[in-house]
J.: 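Here you go, one structure.
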Amino acid sequence: MTTPRVGIIGVGQSKFTARRNDASYPDLVREAVVLALKDADLAFDDIEAVVYSLSPDAMVGIGNAERIGVDAVGAKNKRFLRINTGGATGISSVISAYYHIAAGICDVVLTAGADKVGECGDSQTVLNKIWDPTYERQLPLGTITMLAMSAVRYMHKYGMTEEDMARVTVKNRMHASKNPHAHLSKETTIDEVMASRLISWPVKLMDCCPQSSGGGAMVLASEKYIRERKLAAAWITGVGHCSESYYLGDRMGRGFVADHADAHALKRSFERSYAMAGVNDPQKQVDVAELYAPFSNTEFHSIEAAGLAQLGGSISQLREGRFSLGGEIPVNPSGGTLCTNAIAVTAMIRAAEIALQVTGRAGDRQVRRAKLGIASGNGGDHQFFGTMVIEA
Amino acid sequence: MTNPSRVGVIGVAIHPHITDARRSLEEILFDTTREALADAKLSIEDIDGIVVGANDQYDGRAIAVMAASGSVGGVDRDILSTPSAGEHAFVLAALRVATGQFRTQLALAWSPTEASPLHEVQRLAADPYFHRALPLDETSAHALQATALLAAVPGVEEAAWAIVVKNRRHGAAAYPGVTSPVAGLSDAYPLRWPLRADMVAAPTTGAVAMVLASPDWIADHQVQNVAWIAGMGWATEPSFLGDRKLAFAPALEAAVEQAYTAAAITAPLASFDVAEVSDTTPYQELLACEALGFAKRGDWLARAREGTFATGGKLPINLSGGALTLNPVFCTGLIRIAEVANQVRGRAGAHQRPGAARGVAHAASGGAMQYNTVVILSRGDEGARA
C-alpha cells in the first residue's frame with residue numbers, strides 16, 4: 001500500500017521566556033496557532049482536525065487542560081484529541097497529525113500547544129510524580145537526578161568529562177544566540193559552565209535546560225492539497241516511536257534490559273524512521289539534526305542513537321566542531337532543548353526547526369544546503385522516544 | 001471523506017467493575033491486555049503499536065502512560081497516549097492501521113477510583129479564574145445540561161426515568177448481581193439538581209482493551225470473527241459551558257455526520273441492530289438518540305413507552321446497561337465501542353442480541369459531553385466498503 005505523502009506548510013512559535021505575565025495558558029496556545037496559520041496562509045475554517053500537544057497537566061495547574069484549549073485552537077465541532085508522551089509529546093503530536101492525513105481522513109491538520117513551565121512553581125516537584133508511588137517516587141527522583149545517573153554511567157563507559165558536557169552548552173548557546181525564539185541566548189564559556197552551581201553531580205546549572213513559557217503550532221497537509229494549491233512544503237518522509245522500561249532499576253545493575261548510559265529506544269525509533277525514509281547511511285545523508293537533549297550530557301548519546309557517530313564517538317567529534325554550525329552535521333542549530341524547554345511543545349519545535357531548515361527559512365541559524373533533517377523527542381523517565389525525517 | 005482503508009476489531013476485553021483491591025493497576029492492565037490478545041488469538045509479539053487512554057489526574061501520576069509501558073507490552077514498541085479520552089485511543093489506533101504503516105494496534109484505557117475523589121479531580125479541570133471556585137465538576141456540568149433539557153423539552157424527566165429503568169434492567173441481565181433495578185420515578189436525593197442519586201451510577205474501577213488489525217493481516221491469518229469499522233467520527237464542543245446551548249449537541253451531530261457519511265447511512269433507525277451510547281446521565285442518552293437520528297425530542301417519551309430501544313425492541317440501546325449501570329468514568333467511552341464490537345462479533349455474552357450484524361457506538365467524555373466519538377462497526381465487510 002502506498003501511503004499518501006504529508007507536508008508541513010506552516011510553523012509558529014513564541015519568543016520563549018521564563019514568564020509570560022501578559023498571556024494566560026490558552027493565550028499562549030492561540031499566539032502560536034495564529035503564527036502558524038499566517039505562515040501557512042490559512043484560516044481556521046481550512047483546518048479539519050486538531051491534535052493538541054500537552055504533557056503533564058500539572059505544569060499548567062489545570063486538569064485536562066486541553067479542554068480549555070479547544071477555543072484557542074479553533075476546534076469547535078471539529079476532530080480533536082490530545083497526545084501526552086511526556087517530553088516527547090510535541091513530536092508525538094506532529095506524528096499523530098501526520099497519521100490523520102496519511103490515513104486519508106483529512107487534508108489539513110493543525111497541531112498546537114503551549115506550556116508555562118517557568119510559572120509552574122517547580123517543575124521537578126511535578127516531574128517527581130511521574131514515578132511509581134510505591135517504589136521509586138520517594139527516593140526522590142527527578143529528571144535531573146535521573147539523567148545525572150545516565151551521565152555518570154556514560155562517563156564510566158566512554159570517558160566523557162565535565163568539560164565535555166560544558167562544551168555542549170557552549171555550542172548550543174552560540175547557536176541560540178542566532179535564534180530569536182530561544183529562551184537562553186547569551187553566549188557562554190566552558191569556565192562559566194564549570195563554575196555554575198552544582199545541581200546533581202556531574203550536572204551543573206548551566207548543563208540544564210531552562211523552564212520556559214511559550215507556544216508552538218504546525219500545519220500539516222496532504223500532498224494533493226499542497227500540489228493543487230502550489231504550496232511550499234517540507235515533506236515528512238519518516239516517522240517512528242519506541243519506548244523503554246518504566247522502572248529505572250531495569251536499566252541498571254545486573255541483568256539490565258537497556259544500559260542507562262545509552263539511548264537504546266531512541267536508536268530503535270530512529271531505525272524505524274530511517275527505514276521508512278530510506279536513510280541507510282545517516283552520517284552521509286543527514287544534513288541537520290534537532291535532537292531533544294534537556295541536559296548537556298544527553299546530547300552525546302542522542303547523537304549516537306541517531307547514528308551520527310559511533311557509541312562514545314560523539315565526544316571527540318563535538319570537540320572538533322563536527323556538530324556546530326559550519327560543521328559537517330550541525331546538531332541543534334536552534335540552540336535546542338538546552339536553551340529552550342516549554343515541555344509540551346519542545347519536541348514539536350524540534351520538528352518545526354527542521355522544517356524551517358530544509359526549506360531554507362531558518363534565518364541566521366540556517367544550515368547551508370540543508371535538504372534532509374532529523375528531529376527527536378524524549379519523554380517520561382527517558383522512556384518514550386519519537387523521531388522524524390523531514391526533507392525538502 | 002470516506003474511510004480509505006478497512007480496519008477490523010479482532011479482540012476485546014471489557015472489565016467495567018473491578019473490585020479486587022489486591023491487584024495493582026499494572027496487574028489489572030497486564031491481565032486485560034492478555035485477555036484481549038487471547039480473544040484475538042495472537043501474542044504481544046504480533047502487536048505493532050499501542051495507544052492508551054490514560055488520565056494523569058485519575059491515576060494520581062504525571063504522564064500516566066508511563067506505568068502502562070511494561071504491563072501492556074510497550075517496551076521496545078511504538079506506544080502513544082491520548083489523555084483527552086479513552087475512546088480517543090481507539091480513534092488514533094484506527095488511524096494508524098488505516099495508514100497502512102501498521103498491521104495491528106492495541107487500544108486500551110482504564111479508570112481507577114482509589115487515587116483521589118473524582119469530583120475533586122474534575123474540579124481542577126475547570127478554568128482557574130472563573131469556574132473553579134463554583135465548584136464545577138463533571139456531574140455539575142451534566143446537571144446543567146439536564147436542566148437545559150428540562151426547560152426545552154416538556155415531559156423530558158419522565159423519558160429520562162424510562163431510560164434509567166431500561167438501562168438498569170439491561171444491566172441486571174448483563175451483569176447479574178452487580179446492579180440493582182430501578183422501578184421508576186424516584187425521590188432519591190439530588191446529587192446535583194435535577195440529577196437524583198438513581199440517575200447516575202457511582203464511579204467504578206474499570207479497564208478495557210481492543211485489538212485492531214489491517215485487512216491484509218486479517219486475511220493472512222484467516223481471522224473469521226471481525227468487527228469492521230464502517231465509519232468513524234469525532235468532534236469537540238467549545239471550552240466553556242457558557243458558550244454552549246446545552247440542550248443541543250452540535251459536536252455529536254458533527255461526529256455523526258462524519259461516521260454516517262463514511263458508512264453511507266441514510267436511515268439510521270433501520271441501519272443498526274444495536275447501539276451503545278453515552279449515558280452518564282439518562283439525559284445524555286436522549287440527546288444521543290436525537291443526534292444519531294433514532295428519535296426526535298418530541299418522540300422521546302413515546303419511543304420509551306413503546307420499548308423501541310429496549311431488549312427485543314427495534315433498536316436495543318445499551319444492552320450492556322451502559323454507564324447508568326457501571327461507570328468506570330475515564331474508560332466508559334471506549335467500553336461503548338468495545339461492547340458494539342462484541343455484539344457484531346457475537347461475543348457479548350448474556351446481553352448478546354442474536355444475529356446482530358451492524359451497530360453504532362457513541363462515546364462522550366468531559367463535562368456535559370464535551371468530546372463525542374461515533375464508531376460504526378459491521379460484521380461483514382459490506383459495510384466497510386460503503
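Side chains included, hydrogens not; waters and symmetry mates left out as well; all remaining heavy atoms used. A note on names: the letters A, B, ... follow the listed sequences, proteins ahead of strands, and every chain is numbered from 1.
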J.: Please state whether the side chain, the backbone, both or neither of A85(B) comes within less than 4.5 Å of a heavy atom of chain A.
T.: neither
J.: Quick check on Y135(A): does its OH atom have over 12 non-hydrogen neighbours (other residues, nucleotides or ligands) under 6.0 Å away?
T.: no
J.: So if I take each residue of residues 50-63 of chain B and look for any heavy atom under 4.5 Å from a heavy atom in chain A, which residues do I end up with?
T.: N55(B), D56(B), Q57(B), G60(B), R61(B), A62(B), I63(B)
J.: Find the distance between CG (L92(B)) and OG (S96(A)) and round it off to the nearest 0.5 Å.
T.: 4.5 Å
J.: Rounded to the nearest 0.5 Å, how far does NE2 of H100(A) lie from OG1 of T99(B)?
T.: 12.5 Å
J.: Should D76(B) and S243(A) count as side-chain neighbours, where that means a heavy-atom distance under 4.5 Å?
T.: no
J.: Indicate yes or no: does R272(A) engage D78(B) in a salt bridge with an N to O separation below 4.0 Å.
T.: no
J.: Could you check which of A88(A), P133(A), A65(A), S55(A) has the highest count of heavy-atom pairs closer than 4.5 Å to chain B?
T.: P133(A)
J.: Which pairs, with at least one residue in residues 62-109 of chain B and sequence neighbours excluded, count as a ring pair (Phe, Tyr, Trp, His ring centres under 6.0 Å)?
T.: Y99(A)-F102(B), H88(B)-Y371(B)
J.: Between E138(B) and R67(A), is the closest basic N to carboxylate O distance under 4.0 Å?
T.: yes
J.: Taking H264(A), E66(A), K76(A) one by one, which has the highest count of heavy-atom pairs under 4.5 Å against chain B?
T.: E66(A)
J.: Please tell me if the side chains of M66(B) and D132(A) come closer than 4.5 Å, counting only heavy atoms from C-beta onward.
T.: no
J.: Nearest 0.5 Å please: distance from the CG atom of L95(B) over to the SG atom of C106(A).
T.: 7.5 Å
J.: Would you indicate whether the side-chain heavy atoms of R132(B) and I62(A) approach each other to under 4.5 Å?
T.: yes
J.: Measure the CZ-CE distance between R79(A) and M232(B) for me, rounded to the nearest 0.5 Å.
T.: 8.5 Å
J.: May I ask you to name which of L80(B), L25(B), T373(B) has the most heavy-atom pairs under 4.5 Å with chain A?
T.: L80(B)
J.: Could you go step by step and tell me if Y98(A) and Q101(B) meet the side-chain contact (heavy atoms from CB on, under 4.5 Å) rule?
T.: CA-CA 12 Å; Y98(A) 162 90; Q101(B) 296 168 20; 2.7 Å; yes
J.: Examine whether an atom of D250(A) lies under 4.5 Å from a heavy atom of chain B, and if so say whether it belongs to the side chain, the backbone or both; otherwise answer neither.
T.: neither
J.: With a 4.5 angstrom heavy-atom cut-off, could you sort out which part of Y52(A) is near chain B: side chain, backbone, both or neither?
T.: neither
J.: Give the member of A251(B), A254(B), P238(B) that has the highest number of heavy-atom pairs under 4.5 Å with chain A.
T.: P238(B)
J.: Can you say whether V121(B) sits under 4.5 Å from chain A via the side chain, the backbone, both, or neither, judging by heavy atoms?
T.: neither
J.: Less than 4.5 Å apart, any side-chain heavy atom of F384(A) and any of V65(B)?
T.: yes
J.: Provide the full list of side-chain hydrogen bond (donor to acceptor under 3.5 Å, both in side chains) pairs with a residue in residues 236-254 of chain B, sequence neighbours left out, each pair given once.
T.: D71(A)-S239(B)
J.: Please look at A75(A) and chain B and tell me whether the side chain, the backbone, both or neither of the residue comes under 4.5 angstrom of a heavy atom of that chain.
T.: both
J.: Can you run down the salt bridge (charged side-chain N to carboxylate O under 4.0 Å, His left out) pairs that involve residues 52-65 of chain A, sequence neighbours left out, and say none if there aren't any?
T.: D57(A)-R82(A)
J.: Heavy-atom pairs under 4.5 Å with chain B - which of Y247(A), W131(A), F385(A) has more of them than the others?
T.: Y247(A)
J.: Using non-hydrogen atoms only, which part of F80(A) is less than 4.5 Å away from chain B: side chain, backbone, both, or neither?
T.: both
J.: Judged by atom type as modelled, is there a donor-acceptor pair below 3.5 Å linking the side chain of S69(B) to the main-chain atoms of E244(A)?
T.: yes
J.: If I take atom NE2 from residue H241(A) and atom CZ from residue R96(B), how far apart are they, to the nearest 0.5 angstrom?
T.: 7.5 Å
J.: What do the steps show when you test Q258(B) against I105(A) for side-chain contact (heavy atoms from CB on, under 4.5 Å), and what is the final call?
T.: CA-CA 10 Å; Q258(B) 294 168 34; I105(A) 298 290; over 6 Å; no
J.: Is it the case that the side chain of N64(A) and the backbone of A125(B) share a donor-acceptor pair, with hydrogens and angles ignored and the cut-off at 3.5 Å?
T.: no
J.: Counting only heavy atoms closer than 4.5 Å, note whether V239(A) contacts chain B via side chain, backbone, both or neither.
T.: side chain
J.: In terms of heavy-atom contacts, does CD of Q124(A) have more than 12 from other residues, nucleotides or ligands at under 6.0 Å?
T.: yes
